[in-house]
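In the text below, chain A, chain B and the rest are named by the order of the sequence lines, each starting its count at 1.
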Amino acid sequence: MLDIRLFREQPEFVKEGLDKAGVDPTIVDTIRSLDDLVRGLKTSAESMKAEMNTANKALGAQRKSLSESEFEAKRLELRGVGDRINEADALRSQKETELQNLLLEIPNLPHEKVPVGKDDRDNVVARSWGEPRAFDFKPKPHWELGESLGILDLERGVKISGSRFYVLKGQGAALQRALITWMLDVHIEEHGYTEVYPPFVVKQECLYGTGNLPKFADNLYHDVEEDFWLVPTAEVPVTNLHRDEILTGAELPKRYVAYTPCFRREKMSAGRDVRGIKRGHQFDKVEMVKLTLPENSDAELDALLDNAEDIIRKLNIPYRVVQVCTGDKTFSSAITYDLELYAPASKGEEGAEWLEVSSCSNFRDFQARRANLRFRRDAGSKPEFVHTLNGSGLALPRLMIAILENFQNEDGTITIPEVLRPYMHNREKIVAVG
RNA sequence: GGAGAGGUGGCUGAGUGGUCGAAAGCGGCUGACUGCUAAUCAGUUGUAGCAGGAAUACCUGUUACCCCGGGUUCGAAUCCCGGCCUCUCCGCCA
């Protein structure tokens, strides 16, 4: 959420930012007039309350010395004042809710470094690493490899749970498990993160905190009877760990890494990426989350991005870093870099594709304000909002696709990346079994 | 899931309708005293919003907040209803 004071003090700046993000900037004027209205109502209601409070205190003090009829007259008079206050308050709170709801639906302003653009076609490839492998045979897509190796069962996934679900079996399941453990180990031991195992269901406040609600309810699974929402990413529970807390400056930065499954309805992506395991309703992910001092968040994003890239380099998969433009950045983020892996056959007959496996973002104080995530620089100083960041490190299914497709052999077996072998009983290859 | 107890300021803990933003103690801060530390004494000490003033972290006024949300009342920390959470006992269970 943006600071309402920004609307009051620098409306042009807000308009400019929203315009770049593809939002109609006239919303700023709407918000300002609503804000003025709310503040006016508040001021007048407060002065009525002040009067009422004084009168009530006086009445309490005099009650013994007043005759019954005098008291009664006074009582009725005050009751009238009370009614008027209630009326004014009702209007105020209605308008205040309206204002709040508007603010909750306004995206974050883009960071000054973000390239201006309309949609993903205006994203900029910042750099790339590794050479796509030259195959001396026609590489197969992961769904063919997976099925023939007996490590991926798309059909039975659909039978059990419906479309966009799949089953991993044998070395396929083992590969995913190895990746999870190995990635966690790297982030913990080499990159300095603290492992967190959070709940996979959260209350709706958490989703408001990260910015998934109220706008993106469409993409979330939730229990209709309870306030239980399945996490769409570990970002949600982990960022909310310190919700409504005031941390000390010395505790920052907090660097967390968590493995969780993620659940998404994918309503807005209906019909897209239906082959294989590229886009499912349930997938696993290792996620890094940081809470930092405001002045350090830019540097922490660079480090976070490098931590995610390090995983890919260790696996030796070609990738590129894409800087997301103002029009394509997500709702809550101020600046985002996507990491995309080269997958030689992921588009089937159409061939290769760059697969997004991580999205590393700095949200600045946008989520912190929603989640009331604060810190105090020194013992006596005022609480300030922290900056929050996160990025996948990495998302499993697409990483698995890249591994299967890049490291496939002509005979249909898969060479296991060396760093993973200790996590897979020192096996070198995934081969078909009976 | 059943029965009971309870949720008050940084902490402990009083407070059952007005004089309560809230006693007391601890802790914190300021000052005094003291070779230093400790002890002692005095004062001070919640957060947020809004309005006005002063202009770097200030003052004044005012409102709100005693788990959350409703209600009763001229007036609610205090009474009523709903919810959440914690603790104890029982049951069940990985």
Derivation and outcome, side-chain hydrogen bond (donor to acceptor under 3.5 Å, both in side chains), residues A:Ser359 and A:Asp338: CA-CA 4 Å; A:Ser359 201; A:Asp338 283 352; 2.8 Å; yes
Aromatic ring proximity, centroids under 6.0 angstrom, A:Phe263 and A:Phe200: no
Taking only N/O atoms, report every protein-nucleotides 49-59 of chain B pair under 3.5 Å with atom names and distance.
| residue | atom | partner | partner atom | Å |
| --- | --- | --- | --- | --- |
| B:G49 | O2' | A:Lys42 | NZ | 3.3 |
| B:G49 | N2 | A:Glu46 | OE1 | 2.6 |
| B:G49 | N2 | A:Glu46 | OE2 | 2.6 |
| B:C50 | OP1 | A:Arg8 | NH1 | 3.0 |
| B:C50 | OP1 | A:Arg8 | NH2 | 3.4 |
| B:C50 | O2' | A:Thr43 | OG1 | 3.4 |
| B:A51 | OP1 | A:Arg39 | NH1 | 3.1 |

Salt bridge (Lys or Arg N to Asp or Glu O under 4.0 Å) between A:Arg377 and A:Glu295, intermediate numbers included: CA-CA 12 Å; A:Arg377 278 178 196 277; A:Glu295 62 271 28; 3.0 Å; yes
B:U30 and B:A24, which share atom name P, separated by this distance in whole Å: 22 Å
Ring geometry between A:Trp229 and A:His222 (parallel below 30°, tilted from 30 to 60°, perpendicular above 60°): parallel
Close aromatic pair by centroid cut-off 6.0 Å: A:Tyr193 and A:Tyr256: no
A:Pro383, nearest nucleotide to its side chain (from B:U73, B:G75, B:A48): B:A48
A:Asn53 vs B:U63: side-chain N/O to OP1/OP2 distance below 4.0 Å: yes
P gap between B:A38 and B:G28, integer Å: 10 Å
First of A:Lys57 and A:Glu51 reached from the 5' end of RNA chain B, by closest nucleotide: A:Lys57
With sequence neighbours excluded, residues passing side chain to side chain donor-acceptor pair (under 3.5 Å) with A:Asn426: none
Ion pair check, A:Arg32 and A:Asp35, cut-off under 4.0 Å: no
Pairing of A:Lys15 and A:Asp29 as salt bridge, 4.0 angstrom limit: yes
Base-contact (B) and sugar-phosphate-only (S) positions in nucleotides 65-71 of chain B, heavy-atom cut-off under 4.0 Å, - elsewhere: -------
Euclidean distance for P, B:G15 against B:A94 (whole angstrom): 46 Å
